[in-house]
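Heads up: numbering here begins at 1 and tracks the sequence.
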Amino acid sequence: MKTKVQKKNHRLKPVIFSMTNRTLLFLFAFLIVTVIFYVTGSLNQFLDSNLLFILRFLQVLSVLCMVFSLACFFQSVVFSISCKQLRFLFYILLAVVSAVVAVICFFFAGTMIVVANGNA
């Protein structure tokens with residue numbers, strides 16, 4: 001029979017999982033804000049050099065978000081199997097969605113950089 005402390009500890013998420021998940025959420029939100037910043041900057045006619053900087057930053061942010069998405073995905077799969085809890089499936093879905101958005105943003109930014117540079 002499990003004691004109350006064991007039951008309470010069984011419900012808690014591992015610390016590394018919480019840190020990875022929160023970092024992923026932060027990077028995903030920052031990615032969305034950066035895209036919005038690029039769109040508003042483009043509409044407000046920012047300088048080309050500033051828009052290129054935002055696009056390069058968006059690519060770096062997309063790579064970071066993709067790395068943490070993969071880490072969160074693998075951690076969610078491992079903890080879902082080892083803890084035998086279905087609540088980790090939500091985090092798997094979150095990791096997949098953020099990875100897809102990060103890949104789309106990466107290719108969007110790369111395409112815009114190539115188009116902006118032209119034949120140079």
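Between Phe68 and Phe28, every side-chain heavy-atom pair lies at or beyond the 4.5 Å cut-off. In this structure, the side chains of Leu64 and Leu31 stay at 4.5 Å or more apart for every pair of heavy atoms. A heavy-atom distance below 4.5 Å is not found between the side chains of Leu52 and Leu47. Between Tyr38 and Phe46 the shortest side-chain heavy-atom distance does not fall below 4.5 Å. The shortest side-chain heavy-atom distance between Gln59 and Ile113 falls under the 4.5 Å cut-off.
Both Val63 and Val103 are members of a single hydrophobic cluster when ILVMFWY side chains are connected at heavy-atom separations under 4.5 Å. Cluster annotation: Phe79 and Met19 are assigned to distinct hydrophobic clusters (Ile/Leu/Val/Met/Phe/Trp/Tyr, side-chain heavy-atom contacts under 4.5 Å, transitive). One hydrophobic cluster holds both Leu27 and Ile36 under the rule that ILVMFWY side chains link at heavy-atom gaps under 4.5 Å. Under a hydrophobic clustering in which Ile, Leu, Val, Met, Phe, Trp and Tyr are joined whenever their side-chain heavy atoms come within less than 4.5 Å, directly or via other members, Ile81 and Phe73 fall into the same cluster. If you chain together hydrophobic residues whose side chains sit under 4.5 Å apart, Val33 and Phe26 never meet in one group.
The shortest non-hydrogen separation linking Ser62 to Cys105 is OG-CB, 3.5 Å. Considering all non-hydrogen atoms of both residues, Ser69 and Ala99 come closest at OG-N, 3.5 Å. Leu24 and Ser98 make their closest contact through CD1-OG, 3.5 Å (heavy atoms, listed as atom of the first residue, atom of the second, distance). Smallest separation of non-hydrogen atoms from Leu89 and Ser80: CD2-OG, 4.1 Å. Between Thr20 and Cys72 the shortest heavy-atom distance is CG2-N, 4.0 Å. Across all their heavy atoms, Ile92 and Ser76 have their closest contact at CG1-CB, 3.3 Å.
The 12-atom threshold is exceeded at CG of Asn44, counting heavy atoms of other residues, nucleotides or ligands nearer than 6.0 Å.
In this structure, the ring of Phe57 has its center less than 6.0 angstrom from the ring center of Phe30.
In this structure, the separation between CE on Met112 and CZ on Phe107 is 14.0 Å, given to the nearest 0.5 Å. Atom CG of Leu55 is separated from atom CG of Asn50 by 11.0 Å, given to the nearest 0.5 angstrom. Between atom OH of residue Tyr91 and atom CD of residue Gln75 there is a gap of 12.0 Å, rounded to the nearest 0.5 Å.
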